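Reviewing the structure listed below.
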Amino acid sequence: MENFEVLVVEGLKKSYGKVKAVRGISFTVNKGEVFGLLGPNGAGKTTTVEAIVGLIQRDEGQVLLLGMDPRESYFLVKSRIGVQLQVVNLFPRLTVLETLQLFGAFYTKRLSEWEILDMVGLSEKARSLVEKLSGGQLKRLSVGLALIGDGEVIFLDEPTSGLDPQSRRNLWEIILSLRKHGKTVFLTTHYLDEAEKLCDRVAIMDHGEIIALGRPRDLIAEHFQEKAIEIPRLMVGDVALLSSLPGVNRVSDDDEKITLYTRDLTRTFVAMSSFAEKKSLALDNVVVREATLEDVFLKLAGRRIRE
Ligand SMILES: Nc1ncnc2c1ncn2[C@@H]1O[C@H](COP(=O)(O)OP(=O)(O)OP(=O)(O)O)[C@@H](O)[C@H]1O
């Protein structure tokens, strides 16, 4: 039977001196899926990616990427994957097109530079020097470089951070089209909405450990049967009163907003309306929504992913 696991990670550990960046994580990635590694800054995502693709030495654990240990078969593995990292060291005096040509030359099988330029929206910048690119354009070029070798598994480390909303959406389209073409995408992000839209499965990472793993919908359903009601923080002083409203079984409270989780939206809302009326509060800015991965992270980690 064909092996559908393109990546197997088992007990992976990596420390930098006293900092335990990755503390023994295990997961598998299946062929053709978009797999998301989610977590706040410093969770250990980049270290995980770098250890998987063989850019840094792991301390302990097993990694099998396309059936090979990248530590032992680095160049063979590298010829079959594409990697975009957060820090890009490119040649500032080369043009965008030349940079793609240079990186493309490492691969026997490669896509055309113009196809890549079109995909990442940099056709008009083909003749511009790399040093003249904006942060967002550099990011898009680095994604293009990960795609030029037509790899089977594409690693994208925070590909959308620092991008404007339009470029972000374009990148989502690219990721979805990669999946359509049977590629496997390994994505790290701290945008949970992005993960929910794009990823077939996600691993949520915090302090070097995986604290949840599964399909976004399953994780949400596992942790929440409730709807969330968000109330701007400035509107209410008395959180205890809100938490005692009928139907409410949990409350989270931060600087920006209070979130009530209720299994009985109607009862909670009716009670909230009469509470608001008594206190002469307008409910205009109150939002009712389904639970999201943000809520899952908040529940498991005890804080928001971006603070
Ligand atoms: N080369 C290094 N030397 C020392 N410490 C490091 C090094 N690289 C990462 N770390 C530390 O390891 C921990 C995990 O960092 P890592 O970059 O893997 O996290 P991350 O989830 O990718 O976060 P970010 O999105 O901010 O990059 C952090 O505490 C970080 O400071």
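If you're wondering where the values come from, they're calculated on a predicted model, not measured in any experiment. Ligands are counted one by one from 1 in listed order, and the atoms in each one are counted from 1 as well.
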- Name the residues in contact with ligand 1, where contact means a heavy atom under 4.0 Å away: which are they? Tyr16, Val19, Ala21, Pro40, Asn41, Gly42, Ala43, Gly44, Lys45, Thr46, Thr47, Gln86, Glu158

- Result for side-chain hydrogen bond (donor to acceptor under 3.5 Å, both in side chains) between Asn170 and one of Arg168, Gln166, Glu173 points to Gln166

- Query: Would Leu171 and Ile174 count as a side-chain contact (heavy atoms from CB on, under 4.5 Å) if you check the C-alpha gap in whole Å, the side-chain angles of each, and the deciding distance to 0.1 Å?
  - Reply: CA-CA 5 Å; Leu171 199 72; Ile174 293 175; 3.9 Å; yes

- Student check: side-chain heavy atoms of Val6 and Phe186 closer than 4.5 Å: no

- Side chains of Ser142 and Leu85: does their closest heavy-atom pair fall under 4.5 Å? no

- Are a donor atom and an acceptor atom from the side chains of Ser252 and Lys299 found within less than 3.5 Å of each other? no

- Query: Going by an N to O cut-off under 4.0 Å, is there a salt bridge joining Glu290 and Lys227?
  - Reply: yes

